[in-house]
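What follows is one structure encoded as structure tokens, with my remarks underneath.
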Amino acid sequence: MIELIDVKKAFNHHRPNEHWAVNGVSLTLEGNRLTVFQGPSGSGKTTLLTLIGCLARPTSGRVRLDGKDVSGFPERFLTEIRRGTFGFVFQQYHLLRGISVLENVMLPGYPAAPRYGTLRRRALELLERFELAHKAHAKVEWLSGGESQRVAIARALINDPAVVIADEPTAHLDTALAKGFLTIAEELRAQGKTLMISSHDPLVCEAPIVDRLVRLRDGRLAESA
């Protein structure tokens with residue numbers, strides 16, 4: 001369970017161009033559920049996901065993970081939490097050009113992997129699961145948009161995280177590929193994963209697999225269904 005208590009996040013704090021991207025959000029997020037954060041551009045969706053995933057610290061307020069206040073943890077502890085608890089699918093995917101699909105999937109697992117062979121097998125199993133085994137040794141710059149997304153999801157799962165966070169995962173996909181992503185999301189939830197997705201795509205926000213829709217505007221909760 002993840003709990004946010006009056007969380008605020010400011011950029012350029014105490015400067016003339018100060019901007020409060022998240023402004024007083026209190027929210028409890030249950031495990032093994034698919035939660036969608038909906039709102040227009042600039043509503044604070046992405047910033048809120050970075051706070052939930054310990055990629056950023058709140059300016060004020062508290063973030064609790066399974067009852068532990070992680071807001072003030074030193075960076076080395078936050079790194080361990082991110083590696084062991086969260087898998088991230090970024091909007092632009094952030095795949096590393098110049099290396100293979102397989103190497104991209106393996107990268108987040110190196111610090112915690114018991115052996116190279118074990119990590120490689122795990123990555124190949126994920127690529128097989130997403131029907132990308134035949135692309136394992138291809139460079140990522142040769143992939144289509146849908147293939148890049150599936151590689152990004154495989155990479156997010158390499159450490160078997162409890163929580164998968166996806167930022168606007170269908171923003172660059174056509175309808176067929178977007179539906180494919182929702183199928184993958186449904187499978188992950190059925191396996192016990194917790195999913196948190198930011199989106200303003202009606203196909204995602206209105207999908208029957210969504211357990212909870214949290215609406216944001218101007219960094220605040222608009223309403224939660």
Side-chain angles (χ1 to χ4, degrees), residues 2 4 7 9 11 19-23 25 27-56 86-95 104-105 126 129-132 140-141 143-157 161-225:
I2 298 169
L4 308 177
V7 166
K9 178 64 176 179
F11 293 100
H19 170 63
W20 290 90
V22 175
N23 198 353
V25 171
L27 198 60
T28 298
L29 300 163
E30 302 290 344
N32 192 209
R33 291 165 67 87
L34 195 164
T35 301
V36 172
F37 296 88
Q38 181 190 36
S41 179
S43 62
K45 302 187 304 295
T46 296
T47 301
L48 190 61
L49 286 183
T50 65
L51 295 169
I52 290 170
C54 299
L55 288 169
F86 298 100
F88 300 93
V89 182
F90 301 101
Q91 185 174 349
Q92 303 296 334
Y93 306 138
H94 295 327
L95 301 178
N104 265 275
V105 175
L126 285 166
R129 175 178 172 186
F130 295 123
E131 300 180 357
L132 286 168
V140 294
E141 51 264 40
L143 301 178
S144 68
E147 289 170 339
S148 296
Q149 184 199 59
R150 283 181 284 156
V151 171
I153 296 170
R155 182 184 59 186
L157 297 175
V163 182
V164 177
I165 292 176
D167 184 21
E168 296 282 2
T170 64
H172 307 293
L173 303 181
D174 62 24
T175 299
L177 290 173
K179 289 180 177 178
F181 168 78
L182 290 173
T183 298
I184 292 171
E186 186 173 22
E187 292 171 355
L188 293 174
R189 189 187 62 170
Q191 294 163 13
K193 304 292 184 189
T194 299
L195 289 95
M196 299 185 188
I197 300 171
S198 74
S199 183
H200 58 261
D201 183 350
L203 191 66
V204 174
C205 297
E206 298 170 10
I209 63 170
V210 174
D211 295 298
R212 186 179 184 187
L213 186 63
V214 176
R215 294 184 175 90
L216 295 167
R217 182 171 290 275
D218 300 326
R220 300 178 183 272
L221 290 181
E223 57 182 296
S224 180

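Using a 4.5 Å heavy-atom threshold, the side chains of L157 and L188 count as touching. At least one side-chain heavy atom of R155 sits under 4.5 Å from a side-chain heavy atom of L95. Side-chain atoms of L48 and L4, non-hydrogen and from C-beta on, do get closer than 4.5 Å to each other. Within the 4.5 Å cutoff, no side-chain heavy atoms of H200 are placed close to those of P40. At least one side-chain heavy atom of L221 sits under 4.5 Å from a side-chain heavy atom of L216. For the pair T47/H19, no side-chain contact is recorded, criterion being any heavy-atom separation below 4.5 Å from C-beta on. With a 4.5 Å cut-off on side-chain heavy atoms, V151 and Y93 do not count as touching. Proximity of I52 to F37: side-chain heavy atoms (C-beta onward) are separated by under 4.5 Å at one or more points.
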Start with the C-alpha gap between K9 and L51, add the side-chain angles, then the distance that decides, and say whether side chain to side chain contact (heavy atoms under 4.5 Å, CB included) holds.
CA-CA 8 Å; K9 178 64 176 179; L51 295 169; 3.9 Å; yes
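Considering all non-hydrogen atoms of both residues, T170 and S199 come closest at OG1-OG, 4.3 Å. Closest of all the heavy-atom pairs between C205 and V36 is SG-CG1, 4.0 Å. K179 approaches L203 most closely through the heavy-atom pair CG-CD2, 4.0 Å. In this structure, L182 and I209 approach most closely via the heavy-atom pair O-CD1, 3.4 Å. G53 approaches I165 most closely through the heavy-atom pair CA-CD1, 3.7 Å. Between A166 and L49, the shortest heavy-atom contact is O-CD1, 3.8 Å.
Looking at residues two or more places apart in sequence or on another chain, you find a salt bridge (Lys or Arg N to Asp or Glu O under 4.0 Å) between K45 and E168.
To the nearest 0.5 angstrom, S148 atom OG is 9.5 Å from E141 atom CD. A distance of 12.5 Å separates CZ of R212 from CG of L34, quoted to the nearest 0.5 Å. The structure places CD of E186 at 11.0 Å from CG of L195, a figure rounded to the nearest 0.5 Å. T50 contributes atom OG1, which lies 6.0 Å from atom CG of L55 (distance to the nearest 0.5 angstrom).
The environment of CD in E131 is sparse: at most 12 heavy-atom neighbours from other residues, nucleotides or ligands sit within 6.0 Å.
When atom types are taken as modelled, the side chain of R150 and the backbone of F130 share a donor-acceptor pair closer than 3.5 angstrom. Between the side chain of K193 and the backbone N or O of P161 there is at least one donor-acceptor pair closer than 3.5 Å.
The side chain to side chain donor-acceptor pair (under 3.5 Å) contacts involving residues 28-41 comprise Q38-R215, where partners must be two or more places apart or lie in separate chains.
Between F90 and F88, the two ring planes are parallel [angle under 30°; tilted spans 30° to 60°].
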